[in-house]
K.L.:
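My structure is below; once you've seen it, I'll send some questions.
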Amino acid sequence: MVNLVVEHLKYRYPLGNELALEDISFEVKKGEFIGIIGENGSGKSTLCQAIVGLVPNFYKGAYGGKVLVKEIEVAQSDVSEISSYVGIVFQNPFTQITGSKLTVYEEVAFGLENLGIPREEMIKRIEESLKLLRLFEYRHFNPFELSGGQMQRLAIASVIAMKPDILVLDEPTSQLDPQGSEEVFQAIQDLAKNGMTIIIAEHKIEKIASYADKIILLHKGKLVDFDTPEKIFSREDIEEYGIVPPVYTRICKSLNVKNEAGFYPVTLEQVYYELVKVYG
Ligand SMILES: Nc1ncnc2c1ncn2[C@@H]1O[C@H](COP(=O)(O)OP(=O)(O)OP(=O)(O)O)[C@@H](O)[C@H]1O
Ligand SMILES: [Mg+2]
């Protein structure tokens with residue numbers, strides 16, 4: 001079932017000279033885990049904002065084409081109407097935290113109160129999402145007493161608690177250490193397995209290689225490719241887009257180890273699988 005359609009999306013910021021997004025089209029099915037990659041300034045954050053309707057409803061500017069979330073056209077809808085279907089975790093957790101709640105617990109409750117969720121269901125969801133992001137023991141802390149990584153996890157917990165059909169995350173692990181990033185990716189993967197559609201802009205190529213079903217490769221506001229990690233990272237021209245493929249892909253390329261479909265492996269497991277075929 002398709003639950004996100006982007007059609008010929010174009011956008012220029014009010015003070016921008018060039019298009020930040022230029023003729024972007026793709027479709028995402030329910031429960032898919034989609035990575036967005038591209039060098040700095042390629043349009044990842046802008047695309048995330050357009051999927052949730054902040055572009056063009058909050059960031060004005062020149063807009064063309066369509067974004068349909070569950071068949072609702074986001075540019076024509078209130079951000080509040082869309083917010084029960086699609087949630088966003090911003091690149092900087094400080095922009096996400098309300099700043100008005102005294103505890104981590106209340107911070108997560110805030111979004112749910114706005115959605116009018118019944119009290120019992122609310123308590124259940126708050127506890128579930130705090131536990132999933134390993135924040136339950138910090139529930140009585142002031143959000144501003146948290147470390148950068150904990151605050152980032154709180155931003156994710158607050159959005160997850162709202163159970164959006166589509167969860168958009170813009171570099172959600174930028175403040176996290178390797179273990180923290182791994183935990184967040186695993187938590188997000190579980191959500192995808194339970195049917196939540198995940199769209200994540202991320203510079204951590206190895207993580208995207210292991211977790212994404214498909215990758216959107218952006219360059220200067222254009223969609224260069226939308227395909228599986230194996231196909232994207234096997235592109236001969238990938239480095240021209242400022243992307244360094246996963247180390248496993250680079251090793252396999254230098255050894256000319258390809259999978260049956262003719263693409264280079266992108267994860268350790270895939271390398272192992274190919275090598276066992278050769279060496280037994
Ligand atoms: N508020 C704004 N006003 C004008 N131009 C903007 C604004 N925000 C972003 N841009 C421009 O739009 C383009 C895309 O920016 P965007 O932030 O989407 O890139 P990104 O891929 O998220 O980069 P990064 O990897 O640094 O997060 C860039 O050229 C940027 O300068
Ligand atoms: Mg960005």
Side-chain angles (χ1 to χ4, degrees), residues 4 6-26 28 33-67 69 74-75 79 82 86-97 148-149 151-153 155-156 159 166-176 181 184-185 188 198-209 211-212 214-227 229 232-233 235 237-246:
L4 170 67
V6 175
E7 268 177 19
H8 303 295
L9 177 65
K10 275 192 225 130
Y11 176 68
R12 181 163 42 73
Y13 283 99
L15 300 175
N17 297 323
E18 288 174 22
L19 287 171
L21 298 174
E22 194 171 342
D23 200 19
I24 307 273
S25 298
F26 63 93
V28 179
F33 191 127
I34 307 293
I36 306 178
I37 63 170
E39 62 189 2
N40 292 136
S42 57
K44 301 181 296 298
S45 295
T46 310
L47 180 57
C48 290
Q49 313 264 17
I51 293 169
V52 302
L54 288 169
V55 161
N57 291 321
F58 179 75
Y59 295 99
K60 304 294 176 192
Y63 183 93
K66 271 186 201 167
V67 175
V69 168
V74 301
V79 172
I82 291 298
V86 50
I88 183 164
V89 176
F90 295 107
Q91 192 162 351
N92 176 353
F94 289 95
T95 50
Q96 191 115 26
I97 304 295
M151 206 182 271
Q152 199 152 35
R153 298 211 306 268
I156 299 169
V159 178
I166 302 177
L167 176 62
V168 180
L169 306 116
D170 190 1
E171 291 186 51
T173 66
S174 59
Q175 308 272 337
L176 301 182
S181 304
V184 164
F185 270 91
I188 295 169
I198 306 293
I199 317 258
I200 178 168
E202 184 57 72
H203 284 288
K204 289 178 182 144
I205 289 302
E206 261 80 13
K207 286 274 172 285
I208 288 294
Y211 286 96
K214 289 171 88 180
I215 294 175
I216 291 171
L217 170 60
L218 291 183
H219 186 65
K220 297 190 171 159
K222 294 197 184 108
L223 187 149
V224 176
D225 207 345
F226 178 40
D227 218 318
I232 296 280
F233 294 126
R235 287 178 66 108
D237 61 354
I238 188 72
E239 302 208 4
E240 288 171 26
Y241 304 109
I243 302 294
V244 179

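Just so you know, ligand 1 is whichever comes first in the structure, and atom 1 is the first atom listed for that ligand.
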K.L.:
Considering only heavy atoms of Glu171, which atoms of ligand 1 have at least one such atom less than 4.0 Å away?
P.N.:
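Counting atoms of ligand 1 from 1, those under 4.0 Å from Glu171 are 25 (O), 27 (O).
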
K.L.:
Does the N or O separation between Leu15 and ligand 1 drop below 3.5 Å for any pair?
P.N.:
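Between Leu15 and ligand 1 (N or O atoms, distance only) the closest approach is not under 3.5 Å.
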
K.L.:
So is Lys10 actually on top of Tyr63's ring, under 6.0 Å and inside 45° of the axis?
P.N.:
no

K.L.:
Atoms of ligand 1 less than 4.0 Å from Glu39 heavy atoms?
P.N.:
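Numbered from 1, ligand 1 contributes 21 (O).
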
K.L.:
Does the protein place a non-hydrogen atom closer than 4.0 angstrom to atom 6 (C) of ligand 1?
P.N.:
yes

K.L.:
Just by distance, with hydrogens left out, do Thr173 and Gln152 show a side-chain donor and acceptor under 3.5 Å apart?
P.N.:
no

K.L.:
Quick one: closest heavy-atom pair of Ala212 and Pro229, and the distance?
P.N.:
O-CG, 3.4 Å

K.L.:
Using the rule given for side-chain contact (heavy atoms from CB on, under 4.5 Å), can you reason through Ile88 versus Cys48, listing the C-alpha separation, both sets of side-chain angles and the distance that settles it, and then say yes or no?
P.N.:
CA-CA 8 Å; Ile88 183 164; Cys48 290; 4.1 Å; yes

K.L.:
Start with the C-alpha distance between Leu217 and Phe226, add both sets of side-chain angles, then the distance that settles side-chain contact (heavy atoms from CB on, under 4.5 Å), and finish with yes or no.
P.N.:
CA-CA 6 Å; Leu217 170 60; Phe226 178 40; over 6 Å; no

K.L.:
I'd like to check which ligand 1 atoms, numbered from 1 as shown, lie under 4.0 Å from a non-hydrogen atom of Ser45.
P.N.:
17 (O), 18 (O), 20 (P), 22 (O), 27 (O)

K.L.:
Given Val86, which partner from the list Val67, Val69, Leu167 fulfils the side-chain contact (heavy atoms from CB on, under 4.5 Å) test?
P.N.:
Val69

K.L.:
Does ligand 1 have an atom that lies less than 4.0 angstrom from a heavy atom of Gln91?
P.N.:
yes

K.L.:
Find the distance between CD1 (Ile37) and CD1 (Ile200) and round it off to the nearest 0.5 Å.
P.N.:
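The distance works out to 12.5 Å.
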
K.L.:
Say whether Lys44, considering both its backbone and side-chain N or O atoms, lies within less than 3.5 Å of an N or O atom on ligand 1.
P.N.:
yes

K.L.:
Measuring from non-hydrogen atoms of Glu18 to any atom of ligand 1, is the shortest distance under 4.0 Å?
P.N.:
no

K.L.:
List the closest protein heavy-atom neighbour of atom 9 (C) of ligand 1: residue, atom name, distance to the nearest 0.1 Å.
P.N.:
Tyr13 CE1, 3.4 Å

K.L.:
Considering both backbone and side-chain atoms of Gly41, is one of its nitrogen or oxygen atoms within less than 3.5 Å of a nitrogen or oxygen in ligand 1?
P.N.:
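The answer is yes, given that Gly41 and ligand 1 share an N or O pair closer than 3.5 Å.
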
K.L.:
Which ligand 1 atoms, with their elements, are less than 4.0 angstrom from a heavy-atom of His203?
P.N.:
25 (O)

K.L.:
Would you kindly say whether Lys204 and Ser181 are connected by a side-chain donor-acceptor distance under 3.5 Å?
P.N.:
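Ser181 and Lys204 do have a side-chain donor-acceptor pair below 3.5 Å.
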
K.L.:
Could you list the atoms of ligand 1 found under 4.0 angstrom from a heavy atom of Thr46?
P.N.:
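Under 4.0 Å from Thr46, ligand 1 has these atoms: 14 (C), 15 (O), 16 (P), 18 (O).
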
K.L.:
Assess Thr46: does it contribute an N, O or S atom lying under 2.8 Å from the Mg ion (ligand 2)?
P.N.:
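Short answer: no, not a single N, O or S atom is under the cut-off.
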
K.L.:
Short list, please: which atoms of ligand 1 are under 4.0 Å from a heavy atom of Ser42?
P.N.:
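This gives 19 (O), 21 (O) as the contact atoms.
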
K.L.:
Given the protein's heavy atoms, is any one of them under 4.0 Å from atom 31 (O) of ligand 1?
P.N.:
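It does not: no protein heavy atom is found less than 4.0 Å away from atom 31 (O) of ligand 1.
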
K.L.:
Within ligand 1, which atoms have a heavy atom of Ala20 less than 4.0 Å away?
P.N.:
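Contacts of ligand 1 toward Ala20, numbered from 1: 12 (O).
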
K.L.:
Among all protein heavy atoms in this structure, tell me which lies nearest to atom 26 (O) of ligand 1, with the distance rounded to 0.1 Å.
P.N.:
Asn40 ND2, 3.1 Å

K.L.:
Side-chain donor-acceptor pair under 3.5 Å between Gln91 and Ser45, yes or no?
P.N.:
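Yes - a donor-acceptor pair under 3.5 Å links their side chains.
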
K.L.:
Does a donor on one side chain sit under 3.5 Å from an acceptor on the other, for Thr46 and Tyr13?
P.N.:
yes

K.L.:
Would you call Arg235 and Asp225 a salt bridge, using N to O less than 4.0 angstrom?
P.N.:
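Salt bridge flag = yes for Asp225 with Arg235.
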
K.L.:
Below 2.8 Å, any N, O or S contact between Gln91 and the Mg ion (ligand 2)?
P.N.:
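Short answer: yes, at least one N, O or S atom is under the cut-off.
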
